[in-house]
Amino acid sequence: MKLFVSFFGMVCLGLAAAFYVGFGFLFSGQPAAQDEELVEEERPYVLHFSHVVAENTPKGLAAERFAEAVQEKTDGWVDVRIYPNGVRYNAQEEFDALKENEVQMIAPAFSEITRHDPNWYIWDLPYLFSDEAEVQEAFEGELGGELFHSIEQRGFKGMVFWDNGFKQITLDRSFVIYPEDAVDSRFRVMPSDVLHETFERIGGTTETYPFNEVYQRLGSGEIDGTENTLSNIYSKGFYRHQDFLTLTDHNYLGYAVLMNPSFWKDLPPAHQEAVNEALEEATAWLREESAALNEQALYQLRYQEHMHIYDQNELEKAQWRRALQPLYEKYSGIIHEDVMEALPAAESPYAEQGPHEGS
Ligand code: SIN
């Protein structure tokens, strides 16, 4: 009898375990565990990812690719939820939300990071990088390493760099080809002192408004112009209030994907590996596609009847570099020397005549 009771008990326990593993997903809405080890260790993770741009932009599309890849690689155990267009936080609010673990991942523009770490001013120095290859060299080389080291001291985990592209200038009344063309115009810039000083040095004034407010502020006439990438100018409709687009490529808009360090430490190693792989894939895709996405936006902008477009030449760029040379001197003293020295040689602002002078 005793033997029968214990045999019956074991059968019941076995059935209960099978029910839990096999059908648990149906009732809990969570992914099914794959083996006994996972039953003990696994729990679902939700990774909230906030960003401020539209879904059809380089960053918006890379975020979606990343989320899909994580879903696939973790069988749904890490669920990435994306909040685009600043629906939860504007770019500066995102940093607090990340620190508070209200979101676990953000991908702010370099200029936004300068509020938290002045070493990131380096990206905003005008005409420092002259093409995508130089930017990639900086991402992958010593400069990228120094900047991630620096941001980690401020409580953020740096994961990867994401591309967008070079910035261009829009204005309602004229092209901005020579420095003096900016005189008396009001430009919206991101919250970086280097960007404010760039436009102020050439006679303009500046305002920092969150990205989501720029369209409306252009419409109401509170600002006259913007500087941004073609994909942002097009996807946010800035061009509707701007008749002139000058292709200046005056500095680079890239992103640092940042994570909450405690959330990262809490992730089991297999999930960390999956997140890293998914980021690598999304980053490689973006590296290939971001230039094409900006080209497509340029094509759409050329198609607008009211839009006049001018491509600034090297001699015109040289005039800007000359006018803005004092910025290099000033910020070389603010950005940490290890970061300045990590700049690839071709971009050194210490060159006698300024970067790329005479190129
Ligand atoms: C972004 O690309 O993240 C926003 C850029 C901006 O605020 O102008």
Side-chain angles (χ1 to χ4, degrees), residues 51-57 59-60 84-87 89-94 108-112 114-115 124 126 164-251 253 294 297-312 316 319-320 323-324 327:
H51 69 76
V52 300
V53 293
E55 284 141 306
N56 60 342
T57 56
K59 178 162 62 180
N85 285 310
V87 288
Y89 305 104
N90 71 35
Q92 279 305 310
E93 292 165 349
E94 278 180 347
F110 299 151
S111 311
E112 299 283 351
T114 61
R115 278 264 171 275
D124 292 331
N164 186 329
F166 282 91
K167 281 193 252 164
Q168 324 299 343
I169 298 179
T170 65
L171 191 59
D172 57 0
R173 61 190 68 143
S174 66
F175 291 120
V176 185
I177 301 169
Y178 301 102
E180 57 270 25
D181 295 338
V183 170
D184 291 339
S185 292
R186 296 160 299 172
F187 293 91
R188 179 269 175 176
V189 295
M190 280 185 265
S192 158
D193 293 341
V194 177
L195 298 179
H196 285 287
E197 287 182 45
T198 298
F199 284 92
E200 285 159 10
R201 272 205 160 264
I202 55 176
T205 58
T206 50
E207 295 286 351
T208 285
Y209 293 120
F211 190 52
N212 262 353
E213 293 178 22
V214 179
Y215 180 81
Q216 175 224 325
R217 306 249 181 205
L218 283 169
S220 65
E222 285 163 88
I223 42 175
D224 309 310
T226 69
E227 50 137 35
N228 225 306
T229 58
L230 295 162
S231 57
N232 279 348
I233 291 166
Y234 182 71
S235 63
K236 283 288 177 189
F238 299 166
Y239 67 93
R240 295 200 182 100
H241 298 301
Q242 304 275 271
D243 287 345
F244 295 88
L245 168 65
T246 314
L247 301 176
T248 51
D249 288 341
H250 61 284
N251 61 40
L253 170 54
N294 280 301
L298 180 58
Y299 178 80
Q300 301 286 358
L301 291 166
R302 285 195 196 283
Y303 194 66
Q304 309 300 317
E305 270 182 20
H306 71 282
M307 196 100 229
H308 307 278
I309 301 180
Y310 182 83
D311 204 350
Q312 194 183 43
E316 291 151 358
Q319 295 208 25
W320 280 69
L324 296 170
L327 281 184

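We use all heavy atoms of the structure for the numbers below, so side chains are in, but hydrogens, waters and symmetry mates are not.
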Test ring pair (Phe, Tyr, Trp, His ring centres under 6.0 Å) applied to Phe238 and Phe211, step by step:
CA-CA 11 Å; Phe238 299 166; Phe211 190 52; 5.7 Å; yes
Just do the side-chain contact (heavy atoms from CB on, under 4.5 Å) check on Leu195 and Lys167 with the steps written out, would you?
CA-CA 12 Å; Leu195 298 179; Lys167 281 193 252 164; 3.7 Å; yes
Between Thr206 and Thr198, is the side-chain contact (heavy atoms from CB on, under 4.5 Å) condition met? List the steps.
CA-CA 9 Å; Thr206 50; Thr198 298; over 6 Å; no
Intermediate values then yes/no, side-chain contact (heavy atoms from CB on, under 4.5 Å), His250 and Glu227
CA-CA 9 Å; His250 61 284; Glu227 50 137 35; 2.6 Å; yes
His196 vs Thr208, side-chain contact (heavy atoms from CB on, under 4.5 Å): CA-CA, chis, key distance, verdict:
CA-CA 9 Å; His196 285 287; Thr208 285; 3.0 Å; yes
Take Asp124 and Ser111, measure what side-chain hydrogen bond (donor to acceptor under 3.5 Å, both in side chains) needs, and give me the verdict at the end.
CA-CA 7 Å; Asp124 292 331; Ser111 311; 2.8 Å; yes
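Considering all non-hydrogen atoms of both residues, Pro191 and Thr114 come closest at O-OG1, 3.3 Å. Residues Thr229 and Gly165 share a closest heavy-atom pair of CG2-O, 3.4 Å. Taking both residues in full, the closest heavy atoms of Arg188 and Pro210 are given as NH2-C, 3.9 Å, listed atom of the first, atom of the second, then distance.
We find the CD-CD1 distance between Glu180 and Ile202 to be 9.0 Å, quoted to the nearest 0.5 Å. From Arg173, atom CZ reaches atom CG of Asp184 across 8.0 Å, with rounding to the nearest 0.5 Å. With rounding to the nearest 0.5 angstrom, the OH atom of Tyr178 is 6.0 Å from the CD atom of Gln319. Taking NE2 from His51 and CD from Glu55, the interatomic distance works out to 7.0 Å, rounded to the nearest 0.5 Å. The CG atom of Asn90 lies 13.0 Å from the CG atom of Asn85; values are rounded to the nearest 0.5 Å. Once rounded to the nearest 0.5 Å, the distance linking CG of Asn232 with OG1 of Thr226 reads 9.5 Å.
By the 4.5 Å heavy-atom criterion applied to side chains, Val52 and Asn212 are not counted as neighbours. Counting heavy atoms from C-beta on, the side chains of Tyr215 and Lys236 never come closer than 4.5 Å. Using a 4.5 Å heavy-atom cutoff, the side chains of Phe187 and Ile169 are in contact. Using a 4.5 Å cut-off on side-chain heavy atoms (C-beta onward), Asp172 and Leu218 make no contact. Using a 4.5 Å heavy-atom threshold, the side chains of Met190 and Leu253 count as touching. Counting heavy atoms from C-beta on, the side chains of Arg201 and Leu327 come closer than 4.5 Å. Counting heavy atoms from C-beta outward, Leu298 and Leu247 have side chains that approach closer than 4.5 Å. Two residues are said to be in side-chain contact when any heavy atoms from C-beta on lie closer than 4.5 Å; Gln92 and Arg115 meet this criterion.
Residues Asn164 and Ser231 bring a donor and an acceptor atom of their side chains to less than 3.5 Å of each other. Remark: the Asp249 side chain and the Gln168 side chain contain an N/O donor-acceptor pair separated by less than 3.5 Å.
A donor-acceptor contact shorter than 3.5 Å links the side chain of Gln312 to the backbone of Ile177.
Listed by chain and residue number, Phe175, His308 satisfy the side-chain contact (heavy atoms from CB on, under 4.5 Å) test with Phe244 (two or more places apart in sequence, or in another chain).
Between Arg217 and Glu213, at least one side-chain nitrogen of the basic residue sits less than 4.0 Å from a carboxylate oxygen of the acidic one, meeting the salt-bridge criterion.
When each of Leu301, Thr170, Ile233 is tested with Gln242 by the rule side chain to side chain contact (heavy atoms under 4.5 Å, CB included), just one qualifies, namely Thr170.
Aromatic ring orientation, Tyr234 versus Tyr239: parallel (interplanar angle below 30°, classes split at 30° and 60°).
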